[in-house]
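The structure under discussion appears below in the form of structure tokens.
Computed from a prediction, not measured in an experiment: that's the story for all the values here.
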Amino acid sequence: MTKLYIYCLFDRLDSLLGIYSSLQAVHRDALKICNHGAGKVYMRTPDGYVAPSLKVLRNTFKGVCDTQVEYRSDRQMVKILKTKIKE
């Protein structure tokens, strides 16, 4: 049985923006969407707010499933949900 993980990107109103199989691609698009305005972009993880990086995102999702991380700025917010395909 193969474990296939997917990453779903949602906006502030819980509208689906995309489904990804690559952690790097979903991180890139989340930063692109949130990087508007004058403020910085922050990641909200279960440990608190941190500066966004692919390494932090990978370590947050490592070994867990059905969890989410938020990217926030002064004008935008998106959520990344990690889940797996059920066979």
Side-chain angles (χ1 to χ4, degrees):
M1 184 165 150
T2 307
K3 292 182 181 180
L4 297 173
Y5 295 108
I6 58 171
Y7 306 96
C8 303
L9 185 64
F10 295 95
D11 68 357
R12 182 182 305 258
L13 303 173
D14 288 332
S15 298
L16 182 66
L17 298 175
I19 298 174
Y20 301 85
S21 62
S22 167
L23 193 60
Q24 184 176 7
V26 73
H27 173 72
R28 177 198 64 220
D29 287 352
L31 282 178
K32 188 186 302 184
I33 292 169
C34 284
N35 200 15
H36 295 284
K40 292 183 178 182
V41 178
Y42 292 100
M43 279 176 54
R44 188 174 123 206
T45 65
D47 298 331
Y49 287 94
V50 295
S53 74
L54 185 58
K55 181 180 177 181
V56 172
L57 184 63
R58 183 182 63 239
N59 290 339
T60 302
F61 284 149
K62 188 174 187 176
V64 294
C65 194
D66 295 327
T67 188
Q68 73 178 19
V69 172
E70 293 181 359
Y71 283 61
R72 293 179 169 267
S73 67
D74 58 345
R75 299 181 69 194
Q76 291 289 335
M77 189 271 292
V78 295
K79 292 183 274 190
I80 301 173
L81 173 68
K82 178 186 177 184
T83 189
K84 64 181 173 180
I85 296 176
K86 313 275 193 273
E87 291 187 45

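Side-chain contact between Gln76 and Tyr71: absent, with no pair of heavy atoms (C-beta onward) separated by less than 4.5 Å. Between Ile33 and Leu9 there is a side-chain heavy-atom pair separated by less than 4.5 Å.
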Name each donor-acceptor pair under 3.5 Å that joins a side chain in residues 34-52 to protein atoms two or more places apart or in another chain, with its distance.
from, atom 1, to, atom 2, distance (Å)
Arg44, NH1, Glu70, OE1, 3.1
Thr45, OG1, Asp47, N, 3.3
Thr45, OG1, Gly48, O, 3.0

Just distance, no hydrogens or angles: give the donor-acceptor pairs under 3.5 Å from side chains in residues 11-24, sequence neighbours left out.
from, atom 1, to, atom 2, distance (Å)
Asp11, OD1, Leu13, N, 3.1
Asp11, OD1, Asp14, N, 3.2
Asp11, OD1, Ser15, N, 2.8
Arg12, NH2, Arg75, O, 3.1
Asp14, OD1, Lys79, NZ, 2.4
Tyr20, OH, Asp29, OD2, 2.5
Ser22, OG, Gln24, N, 3.3
Ser22, OG, Ala25, N, 3.2

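Residues satisfying the side-chain hydrogen bond (donor to acceptor under 3.5 Å, both in side chains) test with Tyr7, not counting sequence neighbours, are none. Every residue two or more places apart in sequence or in another chain that forms a side-chain hydrogen bond (donor to acceptor under 3.5 Å, both in side chains) with Thr83 is listed here: Asp66.
Grouping Ile, Leu, Val, Met, Phe, Trp and Tyr residues whose side-chain heavy atoms lie under 4.5 Å apart, directly or via other members, leaves Met77 alone, with no other cluster members.
Under the 4.5 Å side-chain heavy-atom criterion for Ile, Leu, Val, Met, Phe, Trp and Tyr, Val26 and Leu31 are members of the same hydrophobic cluster. Residues Ile80 and Val56 are members of one and the same hydrophobic cluster, defined by side-chain heavy-atom contacts under 4.5 angstrom among Ile, Leu, Val, Met, Phe, Trp and Tyr. Taking hydrophobic clusters as Ile, Leu, Val, Met, Phe, Trp and Tyr residues chained together by side-chain heavy-atom distances below 4.5 Å, Ile6 does not share a cluster with Val78.
Within the structure, salt bridge (Lys or Arg N to Asp or Glu O under 4.0 Å) pairs that include any residue of residues 54-65 do not occur (at least two apart or interchain).
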